[in-house]
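Below is one structure; the comments refer to it alone.
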Amino acid sequence: VDFLYSLKFTMLRQHLKITLVIAFTLIVLASGQPPIPTRTPGFSIGPADAPVVIEAFYDFQCPDSQANWPIMKALVAKYSSNIRFVLQQFPLPYHGQAFTAAAAAEAVNSLLPAAYFKFVDVLFDNQDQFYNAATFNKTEAQMYNLFADFAASVGLDRTAFLQKLSDDNLRYNVVKEGSVAQRLECLPRPCIV
């Protein structure tokens with residue numbers, strides 16, 4: 001009798017778990033939240049029909065990404081007619097300003113796409129200004145203003161940039177890029193696929 005009771009209780013728990021999973025799935029689908037894509041377009045340079053495509057995931061606050069950036073730029077420049085380079089942003093959670101830096105790059109691309117890679121150069125050239133220790137006592141507004149200064153240096157209007165930087169859709173794009181990198185199991189940064 002105890003065995004039957006235990007079996008019945010176990011089956012009831014399994015049924016409840018399945019019901020909860022189905023209910024949660026239906027809630028997510030009904031909320032209209034789009035699924036995370038398997039790939040994002042990233043930011044590319046080079047011919048669309050290039051025989052070689054290099055896709056790299058960078059964290060703008062990562063010293064290893066910063067060290068790799070000039071090497072990648074030189075490679076792409078040397079073989080520009082044969083390589084299409086795709087930069088994917090992948091801010092790491094333990095780099096306090098990485099997400100904001102990626103959102104800033106998204107804002108630049110949204111306002112002036114031709115300035116995106118110039119802005120990436122500015123971010124890596126000035127990484128010491130938003131690296132961990134440099135930002136411990138800074139407010140979010142101070143960090144936004146620092147990134148606005150960087151954006152102005154590549155030709156953007158500060159006010160338009162700051163307005164765009166607060167756009168939730170732009171921030172969602174950064175989250176999507178990071179989710180794609182996690183799906184691909186990109187562990188070291190930069191991660192080149």
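Note that the structure is a prediction, hence the values are computed from the model and not measured.
Taking the six-membered ring where the residue is Trp, F85 and F117 present tilted rings, their angle falling between 30° and 60°. Taking the six-membered ring where the residue is Trp, F124 and W69 present tilted rings, their angle falling between 30° and 60°. Using cut-offs of 30° and 60° for the angle between ring planes, the Y116 and F43 rings count as parallel.
A distance-only check finds a donor-acceptor pair linking the side chain of T139 to the backbone of Q142 [under 3.5 Å]. Side-chain atoms of Q127 come within 3.5 Å of backbone atoms of F60 as a donor-acceptor pair (strictly under, hydrogens ignored). Within the 3.5 Å criterion, the main-chain N or O of Q129 finds no donor-acceptor partner in the side chain of N126.
The structure places OH of Y144 at 15.0 Å from CG of D149, a figure rounded to the nearest 0.5 Å. Atom-to-atom distance recorded for K164:NZ and N109:CG is 10.5 Å, nearest 0.5 angstrom. A distance of 14.5 Å separates SG of C62 from CZ of F57, quoted to the nearest 0.5 Å. Distance CG/L111 to CG/D157: 8.5 Å, rounded to 0.5 Å. With rounding to the nearest 0.5 angstrom, the OG atom of S110 is 10.0 Å from the CG atom of N169.
The same ILVMFWY cluster, assembled from side-chain heavy atoms under 4.5 Å apart, contains both V52 and M72.
Within a 6.0 Å radius of OH in Y131, more than 12 heavy atoms belonging to other residues, nucleotides or ligands are found. N137 CG: 12 or fewer foreign heavy atoms inside a 6.0 Å radius.
The side-chain heavy atoms of I83 and I45, taken from C-beta on, include no pair separated by under 4.5 Å. Between V86 and I54 there is no side-chain heavy-atom pair separated by less than 4.5 Å.
Smallest separation of non-hydrogen atoms from A105 and Q89: CB-OE1, 3.0 Å. In terms of heavy-atom proximity, V122 sits nearest to S153 at CG2-OG, 3.8 Å. The heavy-atom pair separating S81 from P47 by the smallest distance is O-CG, 3.6 Å. Among all heavy-atom pairs drawn from A98 and Q61, the shortest one is N-OE1, 2.8 Å. What you find for P70 and A67 is that their closest heavy atoms are CD-O, 3.4 Å. In terms of heavy atoms, V120 sits closest to L87 at CG1-CD1, 4.3 Å.
Screening V108, L112, L156 for a side-chain contact (heavy atoms from CB on, under 4.5 Å) with F119, the sole residue that qualifies is V108.
For Q97, the side chain to side chain donor-acceptor pair (under 3.5 Å) criterion is met by no residue, not counting sequence neighbours.
Using a cutoff of 4.0 Å between basic side-chain nitrogens and carboxylate oxygens, R84 and D49 are not scored as salt-bridged. A salt bridge does not link D121 with K118: none of the charged nitrogens is closer than 4.0 Å to a carboxylate oxygen.
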*ring-ring contact (aromatic ring centres under 6.0 Å, His included) between F147 and F130, worked out*: CA-CA 9 Å; F147 290 116; F130 62 96; 5.2 Å; yes

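One side chain, E55 or Q88, offers a donor N or O that lies under 3.5 Å from an acceptor on the other.
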